There are 2 protein chains.
Amino acid sequence: MSTQKYKTGAIRERNNENILAAAEQEFVLHGFKGTSMQAIADRAGVPKANIHYYFKNKGNLYRALLENILTTWNEVLSDINSDSDPARILSLFIRTKIRLSYTHPNASKIFAMEIIQGAPYLKDYISGAMRQWVREKTLVIQSWIDAGKIRAVDPTHLIFMIWSSTQHYADFETQVLEVTNKRQYEEDDILRIGDFLEDMILRGCGLTPPGRAAYLALVDDQAATTDSTGITEA
Amino acid sequence: MSTQKYKTGAIRERNNENILAAAEQEFVLHGFKGTSMQAIADRAGVPKANIHYYFKNKGNLYRALLENILTTWNEVLSDINSDSDPARILSLFIRTKIRLSYTHPNASKIFAMEIIQGAPYLKDYISGAMRQWVREKTLVIQSWIDAGKIRAVDPTHLIFMIWSSTQHYADFETQVLEVTNKRQYEEDDILRIGDFLEDMILRGCGLTPPGRAAYLALVDDQAATTDSTGITEA
DNA sequence: GTCTATAGCTGGATAGAC
DNA sequence: GTCTATCCAGCTATAGAC
C-alpha cells in the first residue's frame, strides 16, 4: 500500500540497493558498531534520515545485508548436488566457492566478522539452516566412504577445510596480496588457486583431480544452458 | 625515571596486563572502533582515565595488544626450523598452529579482524616481516621440491592453506561449535583436528603423515628439555 | 517520500583535586 | 600514580517542514 501511483517502487528499489551497497563497504571497513549511519548515507548519497525511513534502524539494515549475502550464496551453491561422482562434485564446489570469494569478497568478509564476533545476528541461522546443510552433506560424503569411492576422512572437517581454504582468499585478501606483492587478483590467479586447492584436497580424499579443463567445460555448458532459458533482465 | 622508590613497577605491570586482557575481550566482541574505553575500563576494574594515563590513547592500546600477539606467535613458532625432514616439519607446524588457535583464540580473532578490515595498523608488518618470513619458507619448500622430497605444489599457496585451515578453528570457533553442536573444544578435538589436517595436507604433498604419536613424543621431549633448563618463574 | 534541524546520549580525551 | 568531574565531538534516532 504505497502512496504513489506506480513505478515509484523502482526509485525505492534503486535507493535500497545504493544504501545496501554503501553499507557493505562501511561495515567491512569499520565493523557493525564502528560504522556510522552518517558514513553510509554519505557514501550512498542520501540524507541520513532516509536510511532510517527505509530500514528503521541500524540493526535492520545490517540484518537486510546479511540476508542478501546468504541468499546470494544459496542461489549459487544450490546448483551443486546430485552428481554421484565425488571428484566432480568436490571440484565444482571448491572452484565455485573460490569464484564467489573473488566476485563477492565483501560479502565473505562481513560474514566472517559476524562469526568472529560471536555471531550475534546469525546464531539462529548457524544452529538451524547451516547445521542442517552440513548434516546433509556429511551424510552424502559418508555414503561415498561406505561405498569405497573416497578415502575415510572426517566429512565435517573436510567441509570446514574447503570453507576455510577457499574463503581465505576473500577474507585475508589484504594479507595475500601484500605477501605476494600483487595489486589485485586476476582471472589467472583464481584459476591457479582452484588448481592448487582441488589438487590438494582431492588427493587427500584419495581422488584424481579432474583439473581445470574439466571445470571450464562444465561452466561453459551451464552458461550455454542458462542463456537458452531466455533470461532477459537488463 | 619513575617517582616511587621501587617495587611499584609491579603494580603498573599488573594493571597493564589487566587492561590488555580486558581490551582483548572487548576488541574481539566489538571491533576496534566499536569498543569503548569505558567498557575496557569497567572490565579491567580501573577508572577510564587510568587507561589513558597508561596508554595515552585508544590506538596505542590497540597497537600494544597487536604487538603482544605477534610476539607470542613468534616465540612459539620460531622453534620450528632446521629439521630437514619435510614430513616432520610440516606436521609440527600444522599441529603447533592448531594448538595456538586453541590456547589463544582471541589473539587469532583480533588479528583476523585487523586483516579483514584492510590491516590499517599492520600493513607495514605484513609487507615487511611477514612477507620476508613467507619468502624464506617458500625457498625451503622449493628446495624440497627440487630435491624430490615432496610433490611439486605451489609453496606460497601451501603456506596459505596451512594458515587458513588451522586458524579457522579459532576464528570461526562459534560456527564450528554451533554446527557440531558442542559447547567448547576439548583436548581430544584438538588432536583429532591435527590428525585430519596433517593427513590431508601431507598426503597432498605426497608425504606419509607421521601421525599423532610422533607429534606427542616430540612435544614431550621438548617439555622435558625445557624443564631441565631450570625455568623457575612462579 | 524527502530532507533539515535537533533531541538525547555516549564517545575519547583531559584538567585538576587528592 | 589515582580518580572524579567535565568538555565537546560524534553517535542514533526522530520531529516536523516541505
Side-chain angles (χ1 to χ4, degrees), chain A residues 1-66 117 120-121, chain B residues 1-66 110 113 117 120-121:
Chain A
M1 311 290 182
S2 78
T3 52
Q4 68 288 341
K5 320 287 163 164
Y6 62 110
K7 188 69 179 176
T8 319
I11 296 176
R12 188 189 181 104
E13 198 170 331
R14 210 176 55 82
N15 272 343
N16 234 288
E17 282 170 23
N18 280 345
I19 293 168
L20 283 169
E24 191 177 271
Q25 296 283 337
E26 290 297 324
F27 282 133
V28 164
L29 289 173
H30 307 115
F32 174 70
K33 278 203 165 185
T35 294
S36 76
M37 297 296 266
Q38 188 63 62
I40 298 173
D42 290 349
R43 192 184 281 269
V46 300
K48 184 173 62 162
N50 288 26
I51 303 183
H52 279 97
Y53 176 72
Y54 279 110
F55 293 94
K56 188 73 181 170
N57 59 45
K58 196 174 161 183
N60 279 351
L61 170 56
Y62 182 63
R63 240 183 296 269
L65 191 55
L66 288 176
Q117 299 190 4
Y121 284 82
Chain B
M1 311 291 179
S2 79
T3 51
Q4 69 289 338
K5 319 289 163 168
Y6 61 110
K7 190 66 179 176
T8 320
I11 295 177
R12 189 190 181 103
E13 197 170 334
R14 211 175 54 83
N15 272 344
N16 234 291
E17 281 169 23
N18 280 346
I19 292 167
L20 283 169
E24 190 177 271
Q25 297 283 335
E26 291 296 324
F27 282 132
V28 164
L29 289 173
H30 307 115
F32 174 69
K33 277 203 165 185
T35 294
S36 75
M37 298 295 268
Q38 188 62 63
I40 297 172
D42 291 349
R43 192 184 281 270
V46 301
K48 184 171 62 162
N50 287 27
I51 303 184
H52 279 99
Y53 175 74
Y54 280 109
F55 293 94
K56 188 75 180 167
N57 59 44
K58 196 173 159 183
N60 279 352
L61 171 55
Y62 181 64
R63 240 183 297 269
L65 192 54
L66 288 176
I110 286 172
M113 302 211 335
Q117 299 190 5
Y121 285 81

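Please read all numbers here as calculations on a predicted model, not as lab measurements. In what follows, chains carry the letters A, B, and so on, assigned in the order in which the sequence lines appear, proteins first and then strands, with residues in each chain numbered from 1. Computed over heavy atoms, backbone and side chain alike; hydrogens, waters and symmetry mates excluded.
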Chemist: List, with names and distances, any nitrogen or oxygen atoms from the protein found under 3.5 Å away from nitrogen or oxygen atoms belonging to nucleotides 3-9 of chain D.
Modeler:
unit_1 : atom_1 : unit_2   : atom_2 : d
dC3(D) : OP2    : Asn50(B) : ND2    : 3.0

Chemist: Is it the case that the side chain of Lys58(A) and the backbone of Phe32(A) share a donor-acceptor pair, with hydrogens and angles ignored and the cut-off at 3.5 Å?
Modeler: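 Checked: pair present.
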
Chemist: Ignoring hydrogens, what is the shortest heavy-atom contact between Gln117(B) and Gly31(A)? Give both atom names and the distance.
Modeler: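 Closest approach of Gln117(B) to Gly31(A): NE2-N, 3.9 Å.
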
Chemist: Figure out the CD1/P separation between Ile19(B) and dG12(C), and round it to whole Å.
Modeler: 14 Å

Chemist: Quick one: closest heavy-atom pair of Met37(A) and Ile51(A), and the distance?
Modeler: CE-CG2, 3.7 Å

Chemist: Would you indicate what Tyr54(A) reaches in the nucleic acid, counting non-hydrogen atoms under 4.0 angstrom: base, sugar-phosphate, or nothing?
Modeler: sugar-phosphate

Chemist: Which of these nucleotides, dG12(C), dT12(D), dG1(C), is closest to any side-chain atom of Arg12(A)?
Modeler: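 Between dG12(C), dT12(D), dG1(C), the one nearest the side chain of Arg12(A) would be dG1(C).
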
Chemist: With side-chain hydrogen bond (donor to acceptor under 3.5 Å, both in side chains) as the test, pick out the partner of Tyr54(B) among Asn15(B), Asn16(B), Asn60(B).
Modeler: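 Of Asn15(B), Asn16(B), Asn60(B), side-chain hydrogen bond (donor to acceptor under 3.5 Å, both in side chains) with Tyr54(B) is met by Asn15(B) alone.
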
Chemist: Could you give the NZ-to-C1' distance, from Lys58(B) to dT14(C), as a whole number of Å?
Modeler: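 It is 17 Å, rounded to the nearest whole Å.
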
Chemist: Within this structure, what is the CD-to-C1' distance between Gln38(B) and dG10(D), rounded to whole angstrom?
Modeler: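 These atoms are roughly 17 Å apart.
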
Chemist: Rounded to whole angstroms, how far apart are CG on Asn57(A) and P on dT14(D)?
Modeler: 8 Å

Chemist: Could you check which of dT2(D), dT12(D), dT14(C) has an atom nearest any side-chain atom of Lys56(B)?
Modeler: dT14(C)

Chemist: Rounded to whole Å, how long is the line connecting atom CD1 of Ile11(A) with atom C1' of dT2(C)?
Modeler: 11 Å

Chemist: Looking at every heavy atom in both Leu65(A) and Ala23(A), which two are closest together, and how far apart are they?
Modeler: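 Of all heavy-atom pairs spanning Leu65(A) and Ala23(A), the closest is CD2-C, 4.1 Å.
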
Chemist: Once you round it to whole Å, what is the distance between C1' of dT2(C) and CG of Asn18(A)?
Modeler: 15 Å

Chemist: Nearest-Å distance, CE (Met37(B)) to C1' (dG10(D))?
Modeler: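 These atoms are roughly 17 Å apart.
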
Chemist: State, to 0.1 Å, how close Pro47(B) and Ala41(B) come at their nearest heavy-atom pair, and which atoms those are.
Modeler: C-CB, 4.1 Å

Chemist: Is the phosphate of dT14(C) approached by His52(B) (side-chain N or O, under 4.0 Å from OP1 or OP2)?
Modeler: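 Looking at the OP1 and OP2 atoms of dT14(C), neither is under 4.0 Å from any side-chain N or O of His52(B).
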
Chemist: For dT2(D), does either OP1 or OP2 sit under 4.0 Å from a side-chain N or O belonging to Asn15(B)?
Modeler: yes

Chemist: Which pair of heavy atoms, one from His52(B) and one from Asn57(B), lies closest together, and at what distance?
Modeler: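 So the minimum-distance heavy-atom pair works out to CD2-CA, 4.2 Å.
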
Chemist: Whole Å only: how far is the CD1 atom of Ile51(B) from the P atom of dA13(C)?
Modeler: 11 Å

